[in-house]
Amino acid sequence: MAGHPFFYEVRNEFYKDTQGVILVSDVGQKDSFDVLDAWLAEMKQELGPHGNMENIIFVVCANKIDCTKHRCADESEGRLWAESKGFLYFETSAQTGEDIHEMFQTFYVSIVDLCENGGKRPTTNSSASFTKEQADAIRRIRNSKDSWDMLGVKPAASRDEVNKAYQKLALLLHPDKYVAPGSEDAFKADVNARSALLKNIK
């Protein structure tokens, strides 16, 4: 349902007996992702003390991925938020249709599984495949102004400090060991930043 407060009196009629929820955000508007917690809070309030959100299928749909130039919400952040709550996560484009079919198919199959499991969300082993520290590191690298900032060291850092910062990030983000979205690009940026800095440090 639409998020404007005007529609609250319509929305609140739909929370009771809910089996599935699709939370949609616009990857070009960070605040539409940040407000997802408020949507969950509203739902929890409307379900009341006897409502159980653990028995509802949630899908987080990060939409408008076709607008790559305007993207400001990280996949790693969105995926981490969703997976840490046991929610499904999809990156979609309503305009091109990318992953829309897959998202709805997974959503409906999960609801059928929920019904067949006595109204309880089936237990899955889909815990987040990466940590908050990894997601934060990837985000920092993406938003860095320069190589110093990328490695998290001050411009006066020694060769040893640069190497230590590089090694810490390399262990955290190595694409052969971790599958955090963006870890491969962040790892390459880490390598390039180290090389660039060491050229100028005697």
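From a predicted model like this one, the values you see are computed outputs, not experimental measurements. Numbers here simply count residues along the sequence, with the first being 1.
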For D31, which residues count as a salt bridge (charged side-chain N to carboxylate O under 4.0 Å, His left out) partner, sequence neighbours excluded? none

How far apart are the closest heavy atoms of A189 and I141, and which atoms are they? CB-CG2, 3.8 Å

Taking a hydrophobic cluster as the set of Ile, Leu, Val, Met, Phe, Trp and Tyr residues connected by side-chain heavy atoms closer than 4.5 Å, whether directly or through intermediates, do M43 and F33 fall within one such cluster? yes

How far apart are the closest heavy atoms of L172 and Q134, and which atoms are they? O-NE2, 2.8 Å

Give me the atom names and distance for the closest heavy-atom approach of I65 to T68. O-CG2, 3.5 Å

With side-chain contact (heavy atoms from CB on, under 4.5 Å) as the criterion, how do L36 and F87 come out once you've worked through the C-alpha distance, each side chain's angles and the decisive distance to 0.1 Å? CA-CA 12 Å; L36 293 182; F87 298 172; over 6 Å; no

Distance col, row N143:CG vs C72:SG, nearest 0.5 angstrom, shows 10.0 Å

Would you give the length of the straight line joining atom CZ of R159 to atom CG of N200, rounded to the nearest 0.5 angstrom? 10.5 Å

d(Y89 OH, L23 CG) to nearest 0.5 Å is 12.0 Å

For D149, enumerate each residue passing the side chain to side chain contact (heavy atoms under 4.5 Å, CB included) test, keeping only those at least two apart in sequence or located in another chain. S144, K145, D146

Over all atoms of both residues, closest heavy-atom pair of A157 and I201: O-CD1, 3.6 Å

Which pairs pass salt bridge (charged side-chain N to carboxylate O under 4.0 Å, His left out) with one or both residues in residues 54-78, sequence neighbours excluded? D26-K64, K30-E77, R71-E91, D74-R142, E75-R79, E77-R139

side-chain hydrogen bond (donor to acceptor under 3.5 Å, both in side chains) against W148, all qualifying residues, sequence neighbours excluded: none

Donor-acceptor pairs under 3.5 angstrom involving side-chain atoms of residues 55-62: please list them, not counting sequence neighbours.
none

Verify same cluster id: L198, F187 (apolar side-chain graph, 4.5 Å): yes

Starting at OG of S147, measure out to CG of D190 and round the result to the nearest 0.5 Å. 10.0 Å

Checking side-chain hydrogen bond (donor to acceptor under 3.5 Å, both in side chains) between Y15 and each of Q45, E42, E46, which is the one that passes? E42

Nearest non-hydrogen partners of M150 and L169, listed with the distance: O-CD1, 3.6 Å

When clusters are formed by joining ILVMFWY residues with side-chain heavy atoms under 4.5 Å apart, either directly or through shared neighbours, do V109 and L88 land in the same one? no

Between L151 and Y166, which heavy-atom pair has the shortest distance, and what is it? CD2-CA, 4.1 Å

What residues form a salt bridge (charged side-chain N to carboxylate O under 4.0 Å, His left out) with E184, not counting sequence neighbours? K188

Taking only residues two or more places apart in sequence or in another chain, which ones pass salt bridge (charged side-chain N to carboxylate O under 4.0 Å, His left out) with E98? none

Taking I22 as the starting point, is it possible to reach V27 by hopping between hydrophobic residues whose side chains are less than 4.5 Å apart? no

When rounded to the nearest 0.5 angstrom, what distance separates CG in L47 from CG in N12? 11.5 Å

Same hydrophobic cluster for V21 and M53, using side-chain heavy-atom links shorter than 4.5 Å among ILVMFWY? yes

Tell me every residue that passes side-chain hydrogen bond (donor to acceptor under 3.5 Å, both in side chains) with N163, counting only those two or more places apart in sequence or in another chain. R194

With a 6.0 Å cut-off (strictly less than), is the heavy-atom count around CD of E102, excluding the residue itself, greater than 12? yes

Side chain to side chain contact (heavy atoms under 4.5 Å, CB included) against Q167, all qualifying residues, sequence neighbours excluded: none

Go through the structure and list residues passing salt bridge (charged side-chain N to carboxylate O under 4.0 Å, His left out) with K44, not counting sequence neighbours. none

What pairs with D99 under side-chain hydrogen bond (donor to acceptor under 3.5 Å, both in side chains), at least two apart in sequence or on another chain? none

Spacing of OH belonging to Y108 relative to CD belonging to Q19, to within rounding of 0.5 Å: 12.0 Å

Identify, with sequence neighbours excluded, every residue that meets side chain to side chain contact (heavy atoms under 4.5 Å, CB included) alongside D160. S158, K164

